[in-house]
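The structure under discussion is supplied below as structure tokens; questions concerning it will follow.
Positions are given from 1, in the same order as the sequence printed here. Numbering of ligands and ligand atoms starts at 1, following listing order. For the numbers below, each heavy atom of this structure counts, side chains included, while hydrogens, waters and symmetry mates do not.
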Amino acid sequence: MALHIEKIAKSKISDVDFSKLKFGEIFTDHMFECDYENGKWQTPKIRPYQPIPFDPSAKVFHYGQAVFEGMKAYKDVNDDIWLFRPDQNQQRINKSAERLDMPAFPKEYFFEGLNELLKLDSEWVQKGEGNSLYVRPFVIATENCVSASSSTKYKFMIICAPVQLYYSGEVRVVFADKFSRSANGGVGFAKAAGNYAASFYPTRLAAEKGYQQIVWTDASTHEYLEEAGTMNVFFRVNDTLLTAPTSDRILDGVTRKSLLILAEDEGIKFEVRPITRKEIVEAARKGELKEMFGAGTAAVISIIKGFADGDESFELPEMEDSYAKRLKTRLTGIQQNKLEDKFGWRYKIK
Ligand SMILES: *Cc1c(COP(=O)(O)O)cnc(C)c1O
């Protein structure tokens, strides 16, 4: 595969204070880019990270035809760089693209681009606990035309941001009873940019009431608990871990599916089935609800301290031996090449 590489004259890395990073604010020296036109993906290139000019009529600005991915790269004690199950992200961006009527991006371009970019910017992957490089592939519609139909031109890109441990403070959530993130037949399973835009307003209303996130419920009855903010959601009732099955409305998270495999491996009892708000509220009343947490690439596991269901609010207990901590230690240990990779999940940059 031909890949055109233009290197930066001088790295900006010495300007960066890696101890004071805000999530996703600073980007590395290079970016990967590939354009789709005349019915095919053109020669991909890597060039210095920089603004790109767009015509104001580019379709992405008007109709939100855009999908994205998120993954993390870690550097181990030997300076080797590892990604976690990038094949899953590669497949998912094309699944998302298909739903948004966008062309699939070739697998070999995806991996070649990822490899070369991470090699070029390897200094930006910092070692040490909590440090990683957040990798953001995305595709946008670039045809200059405001007619409401699929674009004939697209741009696929990968940009990378050094990040530290994602800590969002104490998280309390509110169960949604009016707004929805997704619906049957909709785009909730896809990482479509607009899903996020649609969640910001309800999330702000929740924040004004002191809740950092929303637990999204099914759009038709609001009786089933489906996702937490931009993460999949898990509950522990007594000793059983619960999470909802993926569907049209629930995103098939790589963290979620990996945690289920690890739970099985750890001998943790779990059930994948629809979860009602009623059973969770009842479990909380009886003191049987032990844990609630979100699962996603950025935070890996985000512990939820409390929740509101209508006018009632509940606090969760402080757990000594929590499933969240146990599973997070195991998962991040594998991601960082500190623990055995029993399932062949790590991918080495070479
Ligand atoms: C990205 C995302 C997740 C988490 O997926 P991971 O692959 O674990 O990062 C969960 N829910 C939604 C809505 C998402 O967009």
Side-chain angles (χ1 to χ4, degrees), residues 23-24 64 66-74 83-97 99-100 110 114 132-139 158 160-161 163 165-166 168 171 173 176 179-184 186-200 202-203 206 212-219 224-235 243-263 272 275 292-302 304 324 327-328 330-332 334-335 343 345-347:
F23 189 91
V67 296
F68 68 96
E69 269 303 325
M71 48 191 154
K72 274 180 173 176
Y74 294 91
L83 285 164
F84 183 71
R85 308 186 74 179
D87 53 310
Q88 299 289 317
N89 303 91
Q90 185 273 323
Q91 289 166 22
R92 193 170 63 188
I93 200 167
N94 285 341
K95 221 171 106 185
S96 299
R99 180 60 183 83
L100 277 281
F110 184 95
L114 204 51
S132 63
L133 189 73
Y134 184 77
V135 179
R136 166 55 59 87
F138 63 102
V139 197
I158 304 175
C160 304
V163 296
L165 201 66
Y166 195 91
S168 42
V171 177
V173 296
F179 295 103
S180 301
R181 192 192 77 85
S182 60
N184 288 337
V187 297
F189 71 88
K191 279 189 106 70
N195 287 343
Y196 282 66
S199 74
F200 295 157
T203 306
Q212 290 71 36
Q213 285 299 345
I214 294 176
V215 167
W216 301 105
T217 50
D218 69 294
Y224 295 92
L225 303 173
E226 306 205 311
E227 293 215 54
T230 58
M231 306 177 98
N232 293 111
V233 67
F234 286 78
F235 304 88
T243 195
T246 55
S247 68
D248 266 11
R249 307 185 301 267
I250 300 182
L251 195 124
D252 185 9
V254 181
T255 315
R256 173 190 171 281
K257 70 171 86 168
S258 305
L259 290 178
L260 287 173
I261 292 169
L262 292 179
V272 177
I275 298 157
M292 195 189 288
F293 57 87
T297 296
V300 188
I301 285 182
S302 171
I304 297 168
L327 292 169
K328 185 172 184 172
R330 182 88 190 275
L331 186 63
T332 54
I334 295 170
Q335 289 172 330
F343 305 101
W345 285 339
R346 275 195 301 266
Y347 174 92

request  = Quick one: closest heavy-atom pair of M71 and P137, and the distance?
outcome  = CE-CG, 3.7 Å

remark   = So OG1 of T230 and CG of L251: to nearest 0.5 Å the spacing works out to 10.0 Å

remark   = dist E227:CD -> R181:CZ (nearest 0.5 Å) comes out at 4.5 Å

ask   = For I334, does its backbone N or O pair with a side-chain atom of R346 as donor and acceptor, under 3.5 Å?
value = yes

query = Hey, what's the ring geometry for F68 with Y196, parallel, tilted or perpendicular (30° and 60° as the breaks)?
reply =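 Perpendicular, since the angle between the ring planes exceeds 60°.
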
Pairs of nitrogen or oxygen atoms, one from ligand 1 and one from the protein, closer than 3.5 Å: please tabulate them with distances.
residue  : atom   : partner : partner atom : Å
ligand 1 : 7 (O)  : R92     : NH1          : 2.8
ligand 1 : 7 (O)  : R92     : NH2          : 3.0
ligand 1 : 7 (O)  : V254    : N            : 2.8
ligand 1 : 8 (O)  : V254    : N            : 3.3
ligand 1 : 8 (O)  : T255    : N            : 2.9
ligand 1 : 8 (O)  : T255    : OG1          : 2.6
ligand 1 : 9 (O)  : T297    : N            : 2.9
ligand 1 : 9 (O)  : T297    : OG1          : 2.6
ligand 1 : 11 (N) : E227    : OE1          : 2.6
ligand 1 : 11 (N) : T230    : O            : 3.4
ligand 1 : 15 (O) : K191    : NZ           : 2.8
ligand 1 : 15 (O) : Y196    : OH           : 2.5

message = Counting neighbours of OH on Y347 that are heavy atoms of other residues, nucleotides or ligands and sit closer than 6.0 Å, is the number greater than 12?
response =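 Atom OH in Y347 is packed in, count exceeds 12.
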
